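Structure first, commentary second.
Computed from heavy atoms alone, side chains included, the values below leave out hydrogens, waters and symmetry copies. Here the structure is a predicted model, which means the values were calculated and not measured.
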Amino acid sequence: MTGRLNKLQQDLKNIETEVANLAERMREKYRIYLDLLGESLYKQAIGAVYYICTRYYGGEFLALSHSNRQKLQEEIKALGQEAKASLQQLGEQSFNRGAFSGVGFSKSPAETVNTPDFLKLFLDKRENLAATGEINNPDILLYCCRVLEKNCIEILNHLSKQINQQLQKAYIIPPHLPSQIIDMAIQAGEEGQSLGGGNNMLNILVEAKNPEPEEEKDEDEDDGDDHDFSSGKVTKVTAIHLRMAELEFADARLSVERNQIRSLWEQLNRLGKQYHHLRKEYTIAQAEAAWRSSWYD
């Protein structure tokens, strides 16, 4: 029985060594991936805003003064750079002790003045606190990977919301549309509901009721304006929704890195199954040994 326990214990140590090695490979792979993701996000976010301002709301964009156009463009670029820096910082700090409880800062998130806004989104969340153990346990490694992936999506969604807010402030996207509607549409898209759009955009159909009596409305009034929210008709609004899958599809380098990460996830799942099987066998062997040691006739 002692020999069996020793063998199972050694097998578990071997699995833990493999997991530790895999964690290092995943750390480096995610660092490369997030660096590329930040670059691609910046470019594609600007590209999506370009399409919004030229192909969907060209008239609204032309209505802006030259200085206001430049102001909008500078604000979009600043938001994109901030998101890019946050993703790259996530890559640098991934899987470290306290990676999600302080992101390498000496102070707490609340006391850290220079923490990028995008990182502040999740630093205070209990679910994002990194496990205290060494990453030689497949469960801990899987947890860190899932948190990292979730935080990436949060950064993309937050950037989408901030860009949409700027577009509404500039009167590109209809300003009277409640921002909560766009936010809900973004969330619905993350939950798998198809809202069309493509190219990091989403289409929203909104029905607005006219608070005025219908008889007071001029029957000859032109009803061809799709952006009139007082007309009481169904209106289509196009907004920004930056999606991970679309970013990867449009960037060959990013797609290659994602495929390699998927391969590492498959290895992690395999090691996890082996680990839990061995842990179960080890517990059974320990229980059998304890039974025999306390049994007497």
Side-chain angles (χ1 to χ4, degrees), residues 30-53 61 64 67-94 96 98-125 128 130 147-170 172-173 179-180 182-183 185-187 189-190 199-202 239-248 250-251 253-254 257-258:
Y30 266 112
R31 185 191 65 77
I32 296 172
Y33 172 80
L34 291 172
D35 188 63
L36 290 173
L37 179 61
E39 294 178 6
S40 186
L41 176 63
Y42 177 75
K43 294 177 182 177
Q44 294 193 50
I46 293 176
V49 175
Y50 168 80
Y51 272 93
I52 285 281
C53 292
F61 183 69
L64 298 178
S67 61
N68 284 336
R69 293 174 198 166
Q70 287 187 320
K71 180 181 178 182
L72 174 63
Q73 291 167 345
E74 290 301 317
E75 288 170 342
I76 298 303
K77 286 192 288 185
L79 290 173
Q81 288 287 4
E82 184 182 353
K84 174 182 175 181
S86 296
L87 286 170
Q88 291 173 339
Q89 188 170 3
L90 275 182
E92 293 169 1
Q93 300 294 335
S94 60
N96 290 342
F100 305 108
S101 59
V103 194
F105 295 109
S106 57
K107 298 180 180 180
S108 68
E111 299 171 333
T112 303
V113 177
N114 297 323
T115 306
D117 288 341
F118 285 95
L119 291 177
K120 290 178 182 178
L121 286 172
F122 50 82
L123 290 183
D124 292 324
K125 294 183 179 180
N128 289 336
V147 168
L148 193 61
E149 293 279 351
K150 180 180 179 181
N151 289 338
C152 288
I153 294 174
E154 286 191 14
I155 289 175
L156 265 61
N157 286 347
H158 190 64
L159 177 59
S160 300
K161 294 174 183 179
Q162 286 200 318
I163 290 176
N164 288 327
Q165 289 171 5
Q166 291 300 323
L167 291 172
Q168 284 192 293
K169 288 180 181 179
I172 303 297
I173 295 177
S179 60
Q180 294 90 338
I182 300 178
D183 295 346
I186 290 175
Q187 184 60 40
E190 291 300 332
N199 295 321
N200 292 303
M201 299 179 194
L202 59 83
I240 300 293
H241 181 195
L242 298 159
R243 304 175 182 87
M244 193 82 72
E246 292 188 15
L247 293 175
E248 292 171 353
D251 190 321
R253 296 183 305 165
L254 200 57
E257 293 298 326
R258 170 55 72 182

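Of all the heavy atoms in Ser40 and Leu247, the pair that sits closest is OG-O, 4.0 Å. Residues Cys152 and Met244 share a closest heavy-atom pair of CB-CE, 3.5 Å. Scanning all heavy atoms of the two residues, the minimum distance from Leu64 to Ala170 falls at CD2-O, 3.3 Å.
Here Ser160 contributes atom OG and Leu41 contributes atom CG; the two are 8.0 Å apart, rounded to the nearest 0.5 Å. A distance of 6.0 Å separates CD of Glu82 from CD of Gln162, quoted to the nearest 0.5 Å. From Leu156, atom CG reaches atom CG of Asn200 across 8.0 Å, with rounding to the nearest 0.5 Å. The CG atom of Leu242 lies 12.5 Å from the CD1 atom of Ile153; values are rounded to the nearest 0.5 Å.
Under the side-chain hydrogen bond (donor to acceptor under 3.5 Å, both in side chains) criterion, Asn68 pairs with Ser65, not counting sequence neighbours.
By the 4.0 Å N-to-carboxylate-O rule, Lys161 lies too far from Glu154 to be salt-bridged with it.
Side-chain atoms of Ile240 and Leu159, non-hydrogen and from C-beta on, never get closer than 4.5 Å to each other. By the 4.5 Å heavy-atom criterion applied to side chains, Tyr51 and Asn199 are not counted as neighbours. Using a 4.5 Å cut-off on side-chain heavy atoms (C-beta onward), Gln168 and Ile182 make contact. The closest side-chain heavy-atom distance from Leu167 to Ile52 is below 4.5 Å.
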Can you list the steps and then say if Asp183 with Asn164 is a side-chain contact (heavy atoms from CB on, under 4.5 Å)?
CA-CA 9 Å; Asp183 295 346; Asn164 288 327; 6.0 Å; no
Ile155/Leu87 under side-chain contact (heavy atoms from CB on, under 4.5 Å): CA gap, chis, key distance, verdict
CA-CA 8 Å; Ile155 289 175; Leu87 286 170; 3.9 Å; yes
Determine, step by step, whether Lys84 and Leu37 satisfy the side-chain contact (heavy atoms from CB on, under 4.5 Å) criterion, reporting the C-alpha distance in whole Å, the side-chain angles of both residues, the deciding distance to 0.1 Å, and the verdict.
CA-CA 8 Å; Lys84 174 182 175 181; Leu37 179 61; over 6 Å; no
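For the side-chain hydrogen bond (donor to acceptor under 3.5 Å, both in side chains) with Tyr33, the qualifying choice from Arg258, Arg253, Glu257 is Arg258, the only one to do so.
For the pair Asn151 (side chain) and Val147 (backbone), a donor-acceptor distance under 3.5 Å is present. Using modelled atom types, no side-chain atom of Arg243 and backbone atom of Asn157 make a donor-acceptor pair closer than 3.5 Å.
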Hey, can you pull the donor-acceptor pairs under 3.5 Å for the side chains in residues 71-81, sequence neighbours left out?
| from | atom 1 | to | atom 2 | distance (Å) |
| --- | --- | --- | --- | --- |
| Glu74 | OE2 | Lys77 | NZ | 2.9 |

